Amino acid sequence: MDYATLIQVSDSALRLATPLLLACLAGLFSERSGIFDIGLEGKMLMAGMASGAAAYLTGSVWLGMFAGIGAAILFSLIHGVASITFRGNQLISGVALNFLASGMTVLIAQALFHQGGRTPPLSGGARFTPIELPFAEALADVPILGPFYAEVLSGHSALVYVALLAVPTTWWLLYRTRFGLRLRAVGENPESVDTAGISVVRLRYSAVIITGILCGLAGAYMATGLQAGFGREMTAGRGYIALAALIFAKWRPWYALWATLLFGFLQALALRPDVIEGTFGLAIPVSFLDALPYILTVIVLAGFVGKAIPPRAGGQPYVKER
Amino acid sequence: EPALIFDLGGKFDKSFNEAAYTGAQRWADETGGSYKELEMQSEAQREQALRRLAQSGANPIVMTGFAFGDVLNTVAPDYPETKFAIIDMVVDQPNVRSVVFTEEQGSYLVGMMAAQASKTGTVGFIGGMDIPLIRKFACGYVQGVKAVNPDAKVIQNMTGTTPSAWNDPVKGSELTKAQISQGADVIYAAAGGTGIGVLQTAADEGILSIGVDSNQNHLHPGKVLTSMLKRVDNAVYDAFKAGEAIEPGIHVMDLKVDGVGYALDDNNAALVSDEMKAAVDAAAEKIKAGEISVHDYMADNTCPVE
Amino acid sequence: MPSANTQGAQRDTAAPSAPPPAIELRGISKAFGPVQANKDISIRVMPDTIHGIIGENGAGKSTLMSILYGFYKADKGEILIDGTPTTIPDSQAAIRAGIGMVFQHFKLVQNFTVLENIILGVEDGALLRPSLSKARRELKRLAEEYGLEVDPDAVIEELSVGHQQRVEILKALYRQANILILDEPTGVLTPAEADHLFRILDNLRAQGKTIILITHKLREIMEITDTVSVMRRGEMTATVKTAETSPEELAELMVGRKVLLHVPKGPANPGETVLEIEGLRVTDADKVERLKGINLTIRAGEILGIAGVAGNGQSELLEVLGGYARATGTIKVNGQEIDLTGKHSDGQSRRARGIAHVPEDRHHYGLILDFSAWENMVFGYHNAPEYQKNAAIMDNAGIIEKTEAAMEHFDVRPPIPSLPAKSFSGGNQQKIVLAREIERNPDLLLVGQPTRGVDIGAIEFIHRRIVELRDAGKAVLLVSVELDEIMSLSDRIAVMFDGQIMGERLPAETNERELGLLMAGVTETGGAS
Amino acid sequence: MDKLPAWADLVLVPLISLLLAAVISVLVILAIGQDPWEAVRVMVQGALGSPYGWGYTLYYTTSFIFTGLAVTVAYHASQFNIGGEGQAQIGGLGVALVCLALPWPHWTLALPAAMVGAALFGAAWAAIPAYLQAKRGSHIVITTIMFNYIASALIVYLLVEVLRPAGQMDPATARFPKGAALPTFHDIPGLNLIFDAPVPANVTFLIAVAACFAVWVLLWRTRLGYEIRAFGKSERAAVYAGISPVKVIMVAMLISGALAGLMAINNVMGEAERLLQNSAEGAGFIGIAVALMGRNHPLGVFLAAFLFGFLYQGGAEMGLWTSIPIELRLLLQGLVILFTGALDNMVRMMLVPFFRSRRAA
Ligand SMILES: Nc1ncnc2c1ncn2[C@@H]1O[C@H](COP(=O)(O)OP(=O)(O)OP(=O)(O)O)[C@@H](O)[C@H]1O
Ligand SMILES: Nc1ncnc2c1ncn2[C@@H]1O[C@H](COP(=O)(O)OP(=O)(O)OP(=O)(O)O)[C@@H](O)[C@H]1O
Ligand SMILES: [Mg+2]
Ligand SMILES: [Mg+2]
């Protein structure tokens, strides 16, 4: 693979990694608070539909984004009610919400636009447009780093940079603030938080709402940044890949960045069988690359390379009284 | 009452299935008749869909897409009274009409236009699912490109190996970006719903694209060089019009019967110069007359040019 | 109410000039569904004292303290702090009122550092850094003032239990608690750690803190408290000055009658050796050696009692013998060696060798609470041929029939085999387990805490059954933390401490004092091991 | 929390959940401007109004029974098997390999062999997650999700690169030999008086019913079932009783995977007669809903599978004859799972006052 190709694939990888990263960080907040969330996929899908539809109807990508965030938060709250308030099974709730989203998005989009469950193509102000980073032009000619800066880093829509900034922000929130300390504590041992006089329920709801916001951004990016409109099942399992990345990253923000970049890179590479063949000298089946994130995650889960230990209270409802 | 079954990708794919829909709609508008329609949701549903429509007395039943071939082969004999029409596939049954197109001819024409419009001498092709049918598009296209500019480079990519390749705009978009980075400045998308992503990205990045099946010029006015028309609409219209009297057997839609062609309208008028049009029209005449023979990939599963 | 000390009546009525009680509870009641955990409880805790609360398991001690700490809400009643009525809707309010609590089960975040645990919930401001550095300074001061050293940067899961407890105490002090509640603080501690804790508590009292100490160990009460309150079955039966009472009086107040556990039993007729243990060692998952070379023998027709403070290896001993923990060394049953690697033997093969096991914890081990009584009656023996109809199918009807007979025999009430185990009371659940294990006439019965949480009537019944089994020529290994039970049931007593047998005694030739010393790791020669 | 009588918990809770799901669906239909009563009419008519409809309803029921039982068996060992989808697809691979291996002379020979293939392959696909859970404590929910995706990638690869016959465009295996075709209800003497046109429901339905009975016997009449249920209720107690966790997890998951794999007899061998991509069509996931709705009892699973068979066939008809998208099925499915599996405590709480006042009365 020559450098130009690497640049191109990396550029593509960054775009494809962005929804994974946002969804992965979304899952991180929820799971760090002790609420397992396998419904990232559904929330992204809802957000994609809502943002696509709202952006089309209002002509404003920002309104679209907020609609997406709203839809994802709504689903988050259903998950919260089921798993926090009514102490239901978090895994089942997640599965259910994914189905709900698959059905709901098509029903709503079809009712609104009669285009088989997709929104009409977005244009102009209804889409996120690429942002040129400063000096991208000027630096493009610097050898090695220049093209990397100008081609790979520069020229993406705002949400790509939001996603990248979300990583240090998440890290900072988690490890440097009171909220983060409590969030981590409630996912490890909710009783410690409860006896310290902090509301477990409120903390967990806040976490779940942040999850909704980030999933909303992920969905909005899919429909209004990466694509110009929503299409049925457009998230295509990205929520599950994000979940895999979250495990791969052992529930840590910086690792999440690397994991999603890796998975994004695999996705980008899967698009270019020609490059693979040229680089490795043999035709690696695209199916194998598609499956690789899941295979890697299983290997990590199996503890063969550094065991992934989930937050200790994850998945269990907090019951104070019997 | 006739019926129409759309393949995966759906009625509003702006391309192949939508062309079928347009044809059916034209028939309905003209005759005031009504028809049943059904969109496939999954691979395994095909048989149920066919049987259900046959059961309900629909006749003829038109289906779009080669993927129906296998099930039609088993279903058609169970309903000898019902007439079927399948597009893009040959099914040898007494009550089936098989409609096939000479996509290589239409693709040849748009290939010529691509070569003429290209400034870099590099053009692209993005196909949907990697099957001989789509290679047939690609091969005709390359032949057209080379006819104009023997030195031109054609970058080819297929979106995938499964039917989901017909409906993956994200991949279409990423492949477009990849081809642009390799120098392509005209890209032909023969990929169903995936093509929407191709055309969108091409328009965003300021290069030209070529649509397929339906006239897609209007999707991005001034940015779509032309569209390779595959008159699925005509095929559906004809079948509906013939009704129960539809003739079985193989039905080839080629340039001569306007089965394929290229689109010219207000949206791309500025992009197509008179000399381009003249050259393409001349080639079309020669193809019709048999003076130019465009190789059909599916005849021997090879393509003489790369 | 057999005692003259009616509830609420306090013998230590303070002089008018004395300061108001640090805490006064008036008429506190709390029910969990049908269980009345606290009934109309009143208590006054004077400042600068250590106030003990004792009571049997389930008497309602923890519930009462949780109410005081705002963790549970009382159904009725009033709380006064320093004489002012105070409502404590949540723990934050309790903390504000100067109450700190060290729970029976620590509430620490295992993978946090000590500092992080200390500041959790009392951070100053939204950012952590200032809170952390303040806590570090404060911790240093507290450590010096009260002798509570602990590394502020250590991660909790790497600390010993004793140190974790110090962190809990530090947490309370950091929150400027004037009143410190400790719920069974010594249950998990080694005697040395417990002594250290008492020195710390002494120190805290000297510095003007008020301490409530929950325990059911009379020795601790006598040793350190100023005043003691006794709870029984959700009620407060008395509050007395420690100096004016005796362990005997407290014990009577606790159980509601004179404690005279005497089991009618004749002398033992020991026969062949049934169980022979040599050099038994167990290392747990954390690589801590829990059994350090145990040697024991039990003969047919004999009850060997194992005395010891909980957590000194008794549970591990039972687990190894029961077949579900691995060990090294040798165990012979009826002269035949048993595989200890776990490869060729498990609970079922032990049972096949004639070892029956009544586990210490019937809820989590002995029973499947959701299974019916008859399903529980074959639990562990479900592969035995007599319970099968044919090669594939179990003989459910036959099992139900046998269960009915066994329930009759063991006076399980109600004698309905189809009832799920969870709907029997604790005593009756224990009888089901005993019935299952004894009915099959084992050569060796392992019994752990046979009467924990069981009422007096059932205790006597269970004791009689164990003695009957012995008289039938079976060997019995009895593990109990209740010295009385050990003393009255055993034919021989072995005392365990820190994974070792400290010594063996005959009940007639020893007394509680001597056993107590052994249990604390003090040998005859006077040196602590 | 107040206790409900057992029968209410078993019968009323699922029914109320279903009712809630139905009410919300009706509201959604109204919200998108369609007529719910028309939808219900079309569904009932389409699924139960003709032998043809029954033929499809029972066909789907058959598939859902298998996947529902798969979830049920794993559930009793306290394992949440979300991998039914992948196991069913790999089971289909087993069926295809068996059917294509020999020119089967008669279905009575092909069926047992294909069942073995389906069960073995399905079980094999469950084996790795099971092993990782049993031996290394890797969360089985996550690993089975991952294995669903790995299965679908594997199937795509095999269909495209290995099993697709030369000259065929769609990624599928060749047609199975005629001798491997299972008799459908239309082919069975007696039944063909009712099912006068070809329907997909086939002899597998009878196998599914037998499987319900077999699972019931397994769970409540055999030693193995006893151990599975005991382990599922309390791992610690099971260890005390000498029940090996590794064995129970492995065996329960292998049986679960085998049951999911057996579904392929119905759809791959009985209906499609070739292996297609995504052959399970989500039936693996519906198994979750079926098991939850059926309260993890084979009889309940049978009834719930029929309910979902009805919803699926009715939903397909609704997609065909009304302008309500077929995705309404997914919505209903999601709602049923949500109410029966995650909001069950809410449903219980809704019922408690009713029972309290009744008791007081
Ligand atoms: N959260 C709860 N829900 C229901 N019942 C409870 C709860 N907590 C305690 N109980 C019941 O209340 C009663 C008193 O329990 P509590 O924990 O206060 O006893 P305790 O005196 O502390 O016992 P121990 O010495 O075993 O710690 C018991 O019957 C117990 O089962
Ligand atoms: N975990 C539980 N689940 C359901 N019901 C329970 C549970 N524990 C106790 N009960 C119910 O509460 C009642 C009281 O239980 P508890 O153990 O306090 O009885 P008890 O009066 O102390 O009897 P015993 O003296 O035999 O221990 C029991 O009869 C039982 O029906
Ligand atoms: Mg307690
Ligand atoms: Mg009791």
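Below, read A as the first sequence line, B as the second, and so on, with proteins coming before strands; counting in each chain starts at 1. The structure displayed is predicted, hence computed values, not measured ones.
For the options Val28(D), Ile142(D), Ile324(D), heavy-atom pairs under 4.5 Å to chain A are most numerous at Ile142(D). Top candidate by heavy-atom pairs under 4.5 Å with chain D, chosen from Ala291(A), Ser287(A), Gly88(A), Ala111(A), is Ser287(A). No other option in Leu91(A), Leu97(A), Val81(A), Leu289(A) has as many heavy-atom pairs under 4.5 Å with chain D as Leu91(A). When Ile32(D), Leu132(D), Ile150(D) are compared by the number of non-hydrogen pairs under 4.5 Å with chain A, Ile150(D) comes out ahead. Each of Val156(D), Asp344(D), Ile145(D) has some count of heavy-atom pairs under 4.5 Å with chain A, and the biggest count is that of Ile145(D). Between chain A and the residues Thr143(D), Thr340(D), Leu335(D), the most heavy-atom pairs under 4.5 angstrom are made by Leu335(D).
No part of Ile155(D) comes within reach of chain A, as not one of its non-hydrogen atoms sits under 4.5 angstrom from that chain. Using a 4.5 Å cut-off between heavy atoms, Thr297(A) contacts chain D through its side chain alone, with no backbone atom that close. Interface remark: Ile247(A) contributes side-chain atoms only to the contact with chain D (heavy atom separation under 4.5 Å). Neither the backbone nor the side chain of Leu292(A) comes within contact range of chain D, judged by heavy atoms closer than 4.5 Å. For Phe36(A), the part sitting under 4.5 Å from any heavy atom of chain D is the side chain, from C-beta outward, and nothing else. When heavy atoms are compared at a cutoff of 4.5 Å, Tyr157(D) approaches chain A by way of both its backbone and its side chain. Looking at Ile78(A), the atoms closer than 4.5 Å to chain D (heavy atoms on both sides) all sit in the side chain, from C-beta outward. At a 4.5 Å heavy-atom cutoff, Ile128(D) makes no contact with chain A through either its backbone or its side chain.
A perpendicular orientation is assigned to the rings of Phe285(D) and Phe99(A), their planes being inclined by more than 60° (bins at 30° and 60°). Using cut-offs of 30° and 60° for the angle between ring planes, the Phe248(A) and Phe263(A) rings count as tilted.
The 12-atom threshold is not exceeded at OH of Tyr75(D), counting heavy atoms of other residues, nucleotides or ligands nearer than 6.0 Å. The environment of OH in Tyr56(A) is sparse: at most 12 heavy-atom neighbours from other residues, nucleotides or ligands sit within 6.0 Å. Atom OH of Tyr255(A) has 12 or fewer neighbouring heavy atoms from other residues, nucleotides or ligands inside a 6.0 Å radius.
Smallest separation of non-hydrogen atoms from Gly232(D) and Ser78(D): O-CB, 3.6 Å. Residues Ala130(D) and Ile249(D) come closest through the heavy atom pair O-CG2, 3.8 Å.
Cation-pi contact between Arg118(A) and Phe113(A): absent, since separation from the ring centre below 6.0 Å together with deviation from the ring axis within 45° is not met.
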After noting the C-alpha distance and the side-chain angles of Arg272(A) and Glu277(A), does the key distance pass the side-chain contact (heavy atoms from CB on, under 4.5 Å) rule? CA-CA 9 Å; Arg272(A) 300 290 303 274; Glu277(A) 204 166 344; over 6 Å; no
